[in-house]
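Working notes, structure below.
For clarity, every value in this text was computed on a predicted model and none was experimentally measured. Below, chains carry the letters A, B, ... as their sequence lines are ordered, and counting in each starts from 1. Below, each value reflects all heavy atoms present in this structure, side chains not excepted, and no hydrogens, waters or symmetry copies.
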Amino acid sequence: MKLNDLQTLIPLTVHYAPADLTQELEGAYCSDLLSNVMGQAKPGMVWLTMQSHPNIIAVASLLGLAGILLVGGAKPEQETINKAASENIPLFSAPASCFEIAGLLYQQGLRG
Amino acid sequence: MGEPVLSVVFELIGGDFSLAGDASSRVKRILQQAGIPAPVVRRAAIAAYEAEMNVIIHADGGTMRLEIHPDETRLTVADQGPGIADVGQAMQEGYSTAPDYVREMGFGAGMGLPNMRKCADRFDIVSAVGEGTRIEMVFRHNGPA
């Protein structure tokens, strides 16, 4: 499954996306605790979180995550979008809950 | 250990979340450009971020020194912060003294120091209440992934 498959799978808003979204996802990780993500998420994963402040971009960038999907209706701050663009981290948001989205991604074969 | 091949010092400003992660991002880029193996870069970047955030959350300010040696990378993070009364307790997963507003941002889960210890091949912490905390970490270039 690739990042651009997310858009066909769930209704979402694209806040920042590089031209190429065809990178194969290595899995997904759900957490709102940044140190937990730092310790557990693997490079190439998409990160599902409610946290919308700019610091999530640094976490994704340092870990080499494939992108961030804000769940449960969370919306990014403008500064978060700016940072996503400068660090080239794909950033989406969706109204669906973390549980629902994680379930859909799991059905598509993604693992943690 | 002789003189480092490269040595850089970053200033960290306590309470400034807008710059949080900048020093760690620069550490990561420098290590990548220096050709350090990717798994080592990853471990050092995670540890640097956790240490940087601890200074920003808990201290007035501090410094992060990056030293690249032929066989290992060293990170030394020193702050002028409140210090840690019981380092053993602080090293336990889940223990945190971070204020509520920081926890609401997803920091302060009590995983920072344990994450650092896990990532580094050597981890030393010295702290004195009212003076500050100093963490030294070593990442061997031929160390585990």
Q | Polar side chain donor-acceptor pair, T76(B) to R134(B), under 3.5 angstrom | A | no

Q.
Among M111(B), M105(B), K28(B), which residue has the highest count of heavy-atom pairs closer than 4.5 Å to chain A?
A. M105(B)

Q: Select one option (side chain, backbone, both, neither) describing which atoms of I56(A) are under 4.5 Å from chain B's heavy atoms.
A: neither

Q. Does any donor atom in the side chain of Y16(A) or N88(A) lie under 3.5 Å from an acceptor atom in the other side chain?
A. yes

**Q.** Path from I135(B) to I46(B) over hydrophobic side-chain contacts below 4.5 Å
**A.** no

Q) Hey, does the side chain of K75(A) reach the backbone of G73(A) with a donor-acceptor pair shorter than 3.5 angstrom? A) no

Q. Any idea which of S31(A), S35(A), P43(A) has the most non-hydrogen atom pairs under 4.5 angstrom with chain B?
A. S35(A)

Q: Indicate yes or no: does K118(B) engage E50(B) in a salt bridge with an N to O separation below 4.0 Å.
A: no

Q | Side chain / backbone / both / neither for N55(A) at chain B, heavy atoms under 4.5 Å | A | both

Q. Does any heavy atom of chain A fall under 4.5 Å from the side chain of E104(B), the backbone, both, or neither of them?
A. backbone

